[in-house]
Amino acid sequence: MRKIPCPWTDPTPLFRHGDAWGRVQPELIDFSVSVNPLGPPAGVLHALRIPQIDRYPDPDSLQLRETLAARHGLEPDQIVAGNGANDLIYAAARAFRPGRVAILEPTYTEYFRASLRVGASVDHWLAEAPGFEPQQFDPDGVDLVWLANPNNPTGRLWDKGQLLGWIGSNPRIMFLVDEAFLPFRADGQAQSLISALAQLPNLVVVRSLTKVFAMPGMRLGYALACGSLAARLREEVVPWSVNSLAQAAGIAALQDSAYLVKTQTWFEEEAQSFEERLGAFSPAIAPVPSQANFVLVKLEGTSAARLSRGLMEYGVTVRPAGNFVGLDDRYLRISARTTGENLRFLHALRTALEEL
Ligand SMILES: Cc1ncc(COP(=O)(O)O)c(C=O)c1O
């Protein structure tokens with residue numbers, strides 16, 4: 001890991017989330033967003049047929065938090081529900097008001113933006129190419145560390161023992177660990193830091209329900225921490241920010257354990273081998289080893305802008321990754337989709353590369 005100076009006088013371009021934004025033409029297959037390609041669980045769609053929009057939602061999201069607490073073996077008071085994981089990232093920045101933060105780059109840029117919003121100064125610590133393996137560093141002088149596990153866009157997962165040891169040996173520094181993509185993995189529970197919350201009063205874990213349950217339009221996420229940190233965080237979440245439909249959808253999704261098994265099977269059988277297939281495909285494509293449902297690739301002999309334009313001609317869209325801190329226009333992020341869609345992607349890639 002090495003600390004890099006912040007070269008941006010205006011970081012606004014870093015905060016663009018790729019081409020998704022609901023503007024992707026419907027005929028394109030979208031490999032740019034890392035959402036479960038199996039679609040939302042049937043129970044969610046059913047729950048949405050009984051809308052209770054003539055009443056205010058439960059401001060405490062109690063039933064949802066009880067469902068989550070039972071799932072994670074915690075007390076409902078240790079859980080804070082939010083309007084997507086993003087809501088909790090911004091709430092955490094407001095709640096803990098760090099003067100100085102460290103971010104493990106390249107990563108999800110909302111940690112940077114949320115930190116700037118509360119006036120924090122930001123240290124960017126860069127994992128080294130080509131593997132981008134996450135490592136601890138000396139966080140001396142920092143109030144808060146942001147990291148994602150597995151990380152977006154690199155797909156790298158921490159060694160759990162190393163991460164726990166690092167957090168435990170820095171008790172005065174707050175660690176915000178974003179596990180948005182961990183539930184795709186069958187070992188997600190074993191890899192999670194949630195079971196260590198009782199021993200680590202300086203840890204907040206953030207989770208998203210939008211990725212794994214394929215409902216990014218719904219907006220639903222949660223944070224887990226010891227009771228006192230959770231209370232500070234809850235103070236910063238705008239009342240009623242989790243609407244009735246999202247609460248109902250979340251409960252229905254969490255109750256559908258068969259859906260999670262199906263998703264984790266898809267991850268093991270299809271998503272994990274996607275990286276291998278991309279790597280075997282052409283010397284122009286060098287994938288970063290991924291433990292997530294998307295793959296960061298480094299391109300040789302072409303640029304992400306050029307290749308993604310070419311791919312669009314063949315009906316697929318990907319995420320150029322040049323606006324992640326520490327990456328450039330040689331990097332692309334490709335999310336795994338269903339078997340048929342992935343085959344179509346590889347075919348499009350072959351043709352697009354031939355035509356460059
Ligand atoms: C690491 C990470 N955390 C959180 C989010 C946002 O999650 P949500 O849709 O729940 O706000 C994203 C979205 O891309 C992400 O990549």
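Model, not experiment: these values are computed from the prediction. As a basis for the values below, the full set of heavy atoms in this structure was taken, side chains included, without hydrogen atoms, waters or symmetry mates. Remember, it's 1-based here, ligands and their atoms both numbered in the order they're listed.
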Margin query: Any non-hydrogen side-chain atom of Pro98 less than 4.5 Å from a side-chain atom of Val118?
Written below: yes
Notebook entry, point to check: Side chains of Phe324 and Thr107: does their closest heavy-atom pair fall under 4.5 Å?
Noted result: no
Margin query: Can you tell me if Glu110 contacts ligand 1 (heavy atom of the residue under 4.0 Å from the ligand)?
Written below: no
Notebook entry, point to check: Do other residues, nucleotides or ligands put more than 12 heavy atoms under 6.0 Å from Glu66 CD?
Noted result: yes
Checklist line | Atom indices of ligand 1 within 4.0 angstrom of Tyr111 heavy atoms, with elements | finding: 1 (C)
Check: Are Leu176 and Leu182 connected in a single hydrophobic cluster, I mean Ile/Leu/Val/Met/Phe/Trp/Tyr linked by side-chain heavy atoms less than 4.5 Å apart?
Finding: no
Check: What part of Ala180 sits under 4.0 Å from ligand 1 if we count only heavy atoms: the side chain, the backbone, both or neither?
Finding: side chain
Item checked: Connected via hydrophobic side-chain network under 4.5 Å: Ile251 and Leu74 -> yes
Notebook entry, point to check: Counting heavy atoms not belonging to Arg100, are there more than 12 under 6.0 Å from its CZ?
Noted result: yes
Notebook entry, point to check: Quick one: does Gly221 get a heavy atom under 4.0 Å from ligand 1?
Noted result: no
Notebook entry, point to check: What atoms in ligand 1 come closer than 4.0 Å to a heavy atom of Arg219?
Noted result: 8 (P), 9 (O), 11 (O)
Next item on the list: Return yes when atom CD of Glu75 has more than 12 non-hydrogen atoms of other residues, nucleotides or ligands closer than 6.0 Å, and no otherwise.
Entry: no
Item checked: Proximity winner for atom 2 (C) of ligand 1, if only heavy atoms of Asn152, Asp178, Thr210, Leu209 are counted -> Asp178
Next item on the list: Check each atom of ligand 1 against the heavy atoms of Gly84 and keep those under 4.0 Å away; list them by number with element.
Entry: 10 (O), 11 (O)
Next item on the list: Using heavy-atom distances, let me know which of Phe181, Tyr108, Phe294 sits nearest atom 6 (C) of ligand 1.
Entry: Tyr108
Note to self: I want to know if ligand 1 touches Ala148 in the polar sense, i.e. an N/O pair below 3.5 angstrom.
What the structure shows: no
